[in-house]
Amino acid sequence: MLRIALDVPLRRLYDYLPPDGVAVAGLRPGVRVEVPFGPRTLIGVLVEVAAGSSLPTSRLRAARAVLDVEPALDPVTFDLVRWAADYYHHPPGEALAAALPILLRTGRSLLARETYWQWRADAATAATGTRLGARQKAVAIRLDAGPLSASALAELGDGARAAMKGFAQKGWVESCEVEPDAAPPPRGDAAPGPVLTGAQAEAVAAIGAGLGTFAPFLLHGVTGSGKTEVYLRSIAEVLKRGEQALVLVPEIALTPQAVSRFAARFPVPLAVLHSGLTDSERLDMWRLARSGAAPIVIGTRSAVFVPLARPGIIVVDEEHDASYKQQEGFRYSARDLAVLRGQRHGIPVVLGSATPSLETLQQADVGRYRRLRLPERAGAAVTPRTAIVDLRLHEERQGIATPSVLAMQRHLAAGGQVLLYLNRRGYAPLLFCPTCSWAAPCSACDARMTVHMKRSRLICHHCGMQEPVPYACPQCGAELRPVGQGTERVEDALDEFFPGVPVVRIDRDTIQSRGEIEAALERVHSGEARILVGTQMLTKGHDFPDVTLVVVLNADQGLFGSDFRASERLAQSIVQVAGRAGRASRPGEVLVQTACPEHPLLTRLLREGYDGYASAALEERAAAGWPPFSRLALLRAEAASREAALGFLEAARARAAGPAGDSVRLLGPVAAAMERRAGRFRAQLLLESASRAALHRLLGSWLPELDLLPEARGVRWSIDVDPLETS
Ligand code: ADP
Ligand code: ZN
Ligand code: ZN
C-alpha cells in the first residue's frame with residue numbers, strides 16, 4: 001500500500017494500492033506517482049510503503065503509474081521538506097510540491113534526455129573520401145572523437161546543425177537518445193582573486209577546516225569587508241574536492257552583479273534559480289544541480305530545496321534579509337532550513353551579513369555558530385563618517401534639509417556620486433485637504449492612498465487599488481495638497497535643486513525587470529548618473545564604488561513601528577545603505593536626517609555601530625522574553641466582518657487554553673495593526689513559549705481541530721511559525 005503526498009491543502013497523506021503489475025518492494029520514497037483523485041488525475045510523491053491502511057482494501061483505489069525509478073529529491077532534501085512541513089504545520093503535499101519544479105508536477109521526465117550523433121559503421125571513411133566544407137569538416141572532426149551531443153553541436157555555431165543534417169541525409173550518421181549520467185563536473189581552475197586580508201584568510205582557513213563536517217559559521221563582516229571574496233575562496237576549495245556549493249541570495253533579479261562575480265571567477269556551469277525563469281529554464285537549472293553537472297548553484301529562497309548530487313557547502317548571503325522567510329502559504333525560513341540541511345549533509349554552512357539578525361547573533365553568542373569577523377573594509381576603502389541632521393533645527397525643502405543639500409553640492413563638485421535613501425515610493429504618502437482635513441482613504445483598507453503624480457493615480461500600497469487623482473476635495477471642494485515625500489517627489493525636487501545633474505531613481509515603480517535594473521546600474525557605473533534616489537532596493541548588496549555621500553532622508557519611519565522587530569529592520573537598513581558609501585578609495589560620508597536625534601536606538605547605532613545596537617537590542621529582547629529568547633507562532637484570521645475573525649480566534653483560544661498549560665502563553669486575539677485590508681477584516685492570536693517542544697506539541701494537536709470549529713465558517717486562517725511580522 002502506497003502512502004502518497006498530494007498537492008492539496010489538507011494536512012494528511014493518501015493511501016493507494018500500487019498500480020497493476022508493479023511490485024512495491026522496489027519503490028523508493030520520493031518517486032512520483034500518478035493517481036486518480038475524485039474525477040481528476042494528480043501527480044503525488046510517494047512518502048512510504050505501508051503494510052496496511054486505516055481504510056479497508058476494497059475502498060482503496062489503485063495508483064495509475066509510477067513515474068520515476070530514482071526519487072526526484074535526494075533522501076536528505078526529501079526528509080528536509082517533510083520535516084519542514086511538520087515544523088511549519090503545512091500540508092505535506094503542498095510542501096513537496098513547492099520543492100519541485102512545476103514541470104515535474106505535470107509529469108515531465110526527471111532526467112534530461114539528450115540526442116547524440118555518431119558515425120555509422122564505415123561512414124567515417126566515406127566522409128574522409130569526400131570534399132567537405134569548413135563547417136562540415138569541423139563537425140566531422142568532433143564526430144571522429146566520439147558521439148556528439150545536440151548541445152555540443154549547438155555550441156559549434158550556426159552552420160553546424162545544417163552540416164549534421166546533411167550527414168544524416170547521406171546516411172553517414174545515426175542519432176540516439178541518451179540519459180547523460182551525472183558526469184563529474186569540469187574542474188577548471190578558478191581565476192585568481194586579490195590577496196586576502198588577514199581576517200579574510202583566517203575566515204577561509206576556518207571554513208576550509210570545516211569541509212566534510214557540519215560546521216555552522218556566522219561570517220560577520222562590515223559592508224565592503226570582502227565577504228563575497230571569502231565565499232569565493234571557500235567555494236574554490238569545495239570545487240577542488242569535486243563537491244558542489246549552494247549559494248542562497250535574497251534577490252537575483254536585482255543583483256546581477258552577484259552572479260557575474262561567480263561566473264567571472266569559476267569556469268564552470270552555474271545553475272541559477274530565481275523567479276524570473278520560464279518553467280523549462282527552471283527545470284533545466286534544477287537538473288543541472290541534481291545531476292551535479294553544475295558545481296555551483298545560486299538561487300533565492302526556494303533553492304534551499306534543490307537536490308544536489310555532491311553537496312559540499314551552503315552559503316546564505318545577507319542572512320538577515322526578510323525575503324528568506326516565505327510570507328504566505330508554506331511559511332518556511334530558507335535560512336533556518338539551510339542550517340538544518342547542512343547538518344544533515346554534514347557540510348559547513350556560512351551565514352554572511354554586515355547586520356546579522358538577532359537570532360543568528362544569539363546562536364553565535366551561545367557558541368552554536370562559530371563567529372568569523374571581518375572588522376575592516378577590504379582594499380583601500382575606509383569606513384564612512386556618519387552624522388545626524390536634526391530636522392528640528394534645519395529647514396527642509398521637499399524632504400531634503402539644508403545641511404544635506406550643502407553636503408550634496410560638496411560631493412558632486414568633488415566628482416563623487418550621491419545616494420539618497422527613502423523607503424517610500426510614489427510622490428507623497430497623503431493627499432490632504434487643508435480646509436476640512438479630508439485625506440484620500442483607500443476604500444478597501446484602513447490606509448491612505450499614495451499619490452503617484454507621473455501616472456496621475458492614487459494607489460493603495462496595501463491592496464493595489466487605483467483611482468484617478470481628484471481635482472478638488474470631494475468633501476468641501478477646496479484644493480488638495482500632497483503631503484510628505486516619496487522617491488518620485490524627491491526626484492522632482494532634485495531637478496529644482498540641482499538642475500541638469502543626471503538622476504537615476506531605483507524603486508519598484510521605475511524598475512520592473514532585470515533589463516531595467518541592469519540599465520539603471522549601468523548609468524551608475526558609467527558615471528553618467530550623479531545622484532541615485534531609491535528605496536530598500538538600493539540597499540541590497542550593490543557595489544557603487546564612486547558613491548561618496550549617502551543621505552538617509554527619513555530615519556524616523558522605522559523608529560516607532562508597532563512590530564517588535566521594527567527597530568532591528570531600521571538599524572539594518574541604515575547600516576546597509578550607509579555601507580554603499582566610500583566603497584573605493586574615496587572616503588565616504590553618511591548623513592541621517594531625523595527629528596528624534598536623541599532616540600536611544602539611533603544614538604547607540606551611530607556611536608557604537610550595529611554591534612552596539614544589537615547587544616542592547618538583545619538585552620531588551622531577553623528582558624521582555626521575545627525571540628530569540630522565546631518561540632512564537634501566529635494564528636492569523638481574516639473574514640468579512642471583525643466579529644467573525646475575532647470570534648474564530650476566541651474559540652480557537654478557548655480550545656488551546658487547557659492544553660497550553662503554563663508553558664505556552666496565548667496573547668490576544670487582537671485586531672491586526674491594519675485591521676481592514678482589501679475589504680477583509682484581519683485579527684490574530686499570538687502563541688509564545690520558552691519551549692519549542694511545548695509550542696509544537698500544542699500546535700500539533702490544536703490546529704487539526706480548528707477547521708472543525710463552527711466559528712471557522714467563512715474565516716480564512718493560517719499559522720505562521722517563527723513569524724517575522726507580528727503586527
Ligand atoms: P562584502 O560582500 O563584504 O560587501 P565584497 O566582497 O563585495 O564585500 O568586497 C568589497 C570590495 O572589495 C569589492 O570590490 C571586492 O572586489 C574588494 N575586495 C574584496 N577583498 C579584497 C582584498 N582582499 N583585496 C582587495 N580588494 C578586495
Ligand atoms: Zn476639504
Ligand atoms: Zn487598499
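Remember, it's 1-based here, ligands and their atoms both numbered in the order they're listed.
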ask   = Which value, rounded to 10°, describes the SG(C460)-the Zn ion (ligand 3)-SG(C442) angle?
value = 110°
task = Decide, yes or no, whether a salt bridge links R233 with E229 under the criterion of side-chain N to carboxylate O below 4.0 Å.
result = yes
query = With the threshold set at 4.0 Å, does a side-chain nitrogen-carboxylate oxygen contact exist between D720 and R636?
reply = yes
Metal check, the Zn ion (ligand 3) vs H461 N/O/S, cut-off below 2.8 Å = no
inquiry  = When you measure from the Zn ion (ligand 3) to the N, O or S atoms of H462, does any of those distances fall below 2.8 Å?
reply    = no
Option nearest atom 8 (O) of ligand 1 (shortest heavy-atom distance, choices G226, G198, G193, G352) = G226
remark   = If you compare E229, Q200, K227, R261 by their heavy atoms, the one closest to atom 7 (O) of ligand 1 turns out to be R261
inquiry  = Applying the side-chain contact (heavy atoms from CB on, under 4.5 Å) criterion to C442, which one of M465, E467, R677 satisfies it?
reply    = M465
inquiry  = Please identify which of these residues, M449, R448, R508, R425, meets the side-chain contact (heavy atoms from CB on, under 4.5 Å) condition with H461.
reply    = R425
query = Should we say atom CD of E479 is surrounded by more than 12 heavy atoms from elsewhere, each under 6.0 Å from it?
reply = no
Check [X] against ligand 1 and report side chain, backbone, both or neither, counting heavy atoms closer than 4.0 Å.
X	result
R580	neither
T228	both
S225	both
V195	backbone
R377	neither

Counting distance only, does the side-chain N/O of [X] pair as donor-acceptor with the main-chain N or O of [Y] below 3.5 Å?
X	Y	answer
D336	V339	no
R682	A639	no
E488	K454	yes

Degrees at the Zn ion (ligand 2) between the SG atom of C473 and the SG atom of C476, nearest 10° = 110°
remark   = Rounded to 10°, the SG/C433 to the Zn ion (ligand 2) to SG/C436 angle comes out at 110°
query = Would you call the rings of H220 and Y610 parallel, tilted or perpendicular if under 30° counts as parallel and over 60° as perpendicular?
reply = perpendicular
Heteroatom distance test (T223, ligand 1): nitrogen or oxygen, under 3.5 angstrom = no
